[in-house]
Number of protein chains: 2
Amino acid sequence: MQDQTTPKRPYHHGSLKEALVAAGIDILDTRGLEALSLRAIAAHVGVSHTAPKNHFGSLKGLLTAIAAEGFRRHTEFMKFGAEDSPKSRQIAAMQGYIRFAATHPHLFRLMFSPALCAYDDPELKAAAGESYAVLAGIAKGLDWDKSSAPDAGRRAELLMWSVVHGYAMLHLSGSAQGTGPVLNIADIIPDFGYLPQTHSPATVT
Amino acid sequence: MQDQTTPKRPYHHGSLKEALVAAGIDILDTRGLEALSLRAIAAHVGVSHTAPKNHFGSLKGLLTAIAAEGFRRHTEFMKFGAEDSPKSRQIAAMQGYIRFAATHPHLFRLMFSPALCAYDDPELKAAAGESYAVLAGIAKGLDWDKSSAPDAGRRAELLMWSVVHGYAMLHLSGSAQGTGPVLNIADIIPDFGYLPQTHSPATVT
DNA sequence: CTCCAATGTTTCCACTGGAAATATAGATAC
DNA sequence: GTATCTATATTTCCAGTGGAAACATTGGAG
């Protein structure tokens with residue numbers, strides 16, 4: 001019955017690990033990447049700035065865990081709205097990719113910042129790998145690479161990934177400004193122009 | 001004849017502005033983006049850490065100037081090795097883009113980090129604009145966008161830029177690892193497979 | 001020659017991430 | 001039940017960062 005004891009925060013948080021990751025994503029979405037300091041994350045949870053060390057070792061470890069969670073959500077975005085046809089899955093994945101980047105720009109940037117994340121971390125590796133697998137799996141059924149090269153499959157994967165990733169990055173860095181918030185992949189991949197738009201809740205600010 | 005006065009560094013540097021930018025690029029190429037602190041740059045020139053403020057206002061101002069210089073060199077890379085045909089210019093530009101990113105990975109990253117650069121700076125705007133103009137000018141003669149949409153030209157530009165930028169970024173973040181240092185654009189754009197390779201001095205480490 | 005404005009330096013400050021010693025509490029052994 | 005052990009969290013430090021403010025130096029304009 002220690003619930004009765006007035007709002008006295010227990011010494012041990014209980015699930016600090018998850019709370020810290022959630023706090024990190026929250027800060028990213030509300031205050032941006034610049035505000036994402038170790039002390040800020042800790043304070044957001046109501047804990048001292050050295051507490052994270054027990055769970056993540058260092059700031060980089062914590063950021064890596066946040067990025068891993070980002071890749072999981074990223075994967076969800078790409079699966080959203082896909083029907084059971086190759087074309088539908090492709091559109092959903094490419095638009096989901098861009099939509100995620102527009103919805104969580106700072107988290108997205110963190111996920112692709114080698115200075116901030118440790119890409120050899122097993123958890124991050126797994127999450128990022130699964131995210132890539134979604135695109136790679138879809139690229140299989142495409143005819144983008146009409147050559148009969150032995151690695152035609154890998155070429156198609158890379159091309160698809162490069163297009164969508166580059167487009168997302170350019171928008172984030174403001175370089176594609178003036179083109180408006182073109183979130184519909186059909187706007188840059190002409191072949192898809194005939195397809196219905198499958199926008200979902202999130203929109204760029 | 002104050003040259004006779006023993007190696008006594010003059011109080012006024014003379015060309016601090018250029019020296020600081022050069023020092024910044026030097027640090028980026030040798031020690032990476034993490035080592036690029038205001039104090040490190042100043043020390044590299046042999047000057048106090050507050051001296052840059054007179055010329056650039058703040059660290060961000062200095063980083064912006066460094067990025068602008070980066071865009072100028074970036075443009076040079078894209079022009080290198082181009083003969084007087086649309087196809088040749090296209091290959092040269094796309095390979096130059098990727099080759100620059102591989103040669104100056106940290107500088108390239110800085111150039112596309114909105115957290116570090118002020119994209120509303122006129123000098124940076126001009127340099128980045130000229131860099132984009134090279135790709136855009138080339139995209140005009142392409143048939144990538146076969147649709148007869150009114151903005152077909154802009155679509156071709158964006159597509160070309162996205163592919164090459166995304167490909168460069170993915171390699172930098174290590175995500176395209178396992179595919180090897182594929183610097184030849186022909187490896188991902190099948191249409192170009194028949195063209196001669198136009199590699200130049202720089203190679204990825 | 002004198003003064004002024006531009007350019008650098010010194011000295012401070014708040015903030016950051018991390019190290020080390022300490023406190024607290026949940027779990028296990030007896 | 002109680003003692004101990006270990007995981008977890010705190011406190012207190014430290015070197016490093018970028019920036020503000022006051023001061024020093026210098027070249028040039030009047």
Side-chain angles (χ1 to χ4, degrees), chain A residues 1-24 27-28 31-67 106 110 113 115-118, chain B residues 1-24 27-28 31-67 106 110 113 115-118:
Chain A
M1 302 235 186
Q2 69 261 49
D3 269 6
Q4 278 311 60
T5 65
T6 44
K8 191 181 78 178
R9 183 174 49 87
Y11 192 94
H12 291 291
H13 183 283
S15 52
L16 224 202
K17 209 166 175 177
E18 296 79 8
L20 285 171
V21 171
I27 291 176
L28 280 174
R31 292 194 278 153
L33 187 51
E34 291 133 324
L36 193 70
S37 71
L38 181 61
R39 294 172 115 105
I41 301 175
H44 194 277
V45 175
V47 110
S48 79
H49 84 279
T50 51
K53 189 173 192 179
N54 294 310
H55 301 276
F56 301 102
S58 70
L59 170 64
K60 193 161 192 171
L62 173 51
L63 296 184
T64 300
I66 293 173
H106 300 279
L110 168 65
S113 295
L116 302 178
C117 308
Chain B
M1 304 239 183
Q2 68 261 53
D3 268 6
Q4 278 311 60
T5 64
T6 45
K8 191 182 78 178
R9 182 173 49 87
Y11 192 94
H12 291 292
H13 182 283
S15 52
L16 225 202
K17 211 166 174 177
E18 295 79 7
L20 285 172
V21 171
I27 291 177
L28 280 174
R31 290 195 280 154
L33 188 50
E34 291 133 321
L36 193 70
S37 71
L38 179 61
R39 296 174 114 105
I41 300 175
H44 195 278
V45 175
V47 110
S48 80
H49 84 280
T50 51
K53 190 175 193 180
N54 293 312
H55 302 274
F56 300 102
S58 69
L59 171 65
K60 194 162 190 169
L62 173 51
L63 296 185
T64 299
I66 293 173
H106 300 280
L110 168 65
S113 295
L116 303 178
C117 308

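Side-chain atoms are counted along with the backbone in the values below, which use heavy atoms only and exclude waters and symmetry mates. All of these numbers come straight from a predicted model, not from anything done at the bench. Chain letters run A, B, ... following the sequence lines, proteins first and then strands; every chain starts at 1.
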Atom NZ of B:Lys17: over 12 foreign heavy atoms under 6.0 Å: no
Shortest non-hydrogen contact between A:Val45 and A:Ala23, atoms and distance: CG2-CB, 3.6 Å
A:Lys53 side chain near C:dA19 phosphate (N/O to OP1/OP2, under 4.0 Å): yes
Side-chain N or O of B:His55 closer than 4.0 Å to phosphate OP1/OP2 of C:dA6: no
Rounded distance (Å) that lies between atom [atom2] of [N] and atom [atom1] of [X]:
X: B:Asn54; N: D:dA21; atom1: CG; atom2: P; value: 14 Å
X: B:His13; N: C:dA6; atom1: NE2; atom2: C1'; value: 16 Å
X: A:Leu20; N: D:dT8; atom1: CG; atom2: P; value: 12 Å
X: B:Glu34; N: C:dG17; atom1: CD; atom2: P; value: 14 Å

Residue pair [X] / [Y], side-chain heavy-atom distance below 4.5 Å:
X: A:Pro52; Y: A:Leu38; result: yes
X: B:Ile41; Y: B:Val21; result: no
X: B:Leu116; Y: B:Lys60; result: no

Selection from [options] that lies nearest to any side-chain heavy atom of [X]:
X: A:Ser37; options: C:dG17, C:dG8, D:dA9; result: C:dG17
X: B:Val47; options: C:dG17, C:dG8, D:dT10; result: C:dG8
X: A:Leu38; options: C:dT9, D:dA9, C:dG17; result: C:dG17

Say you draw a straight line from [atom1] of [X] to [atom2] of [Y]; how long is it, rounded to the nearest 0.5 Å?
X: A:His55; Y: A:Leu16; atom1: NE2; atom2: CG; value: 4.5 Å
X: B:Glu34; Y: B:Leu28; atom1: CD; atom2: CG; value: 11.0 Å
X: B:Thr64; Y: B:Leu59; atom1: OG1; atom2: CG; value: 9.0 Å

All N/O contacts under 3.5 Å from nucleotides 11-13 of chain D to the protein, with atom names and distances to one decimal?
residue : atom : partner : partner atom : Å
D:dT11  : O4   : A:Thr50 : OG1          : 2.9

Residues within residues 56-65 of chain A bordering DNA chain C, heavy-atom distance below 4.0 Å: A:Ser58, A:Leu59
Donor-acceptor under 3.5 Å (B:His106 side chain, B:Leu33 main chain): yes
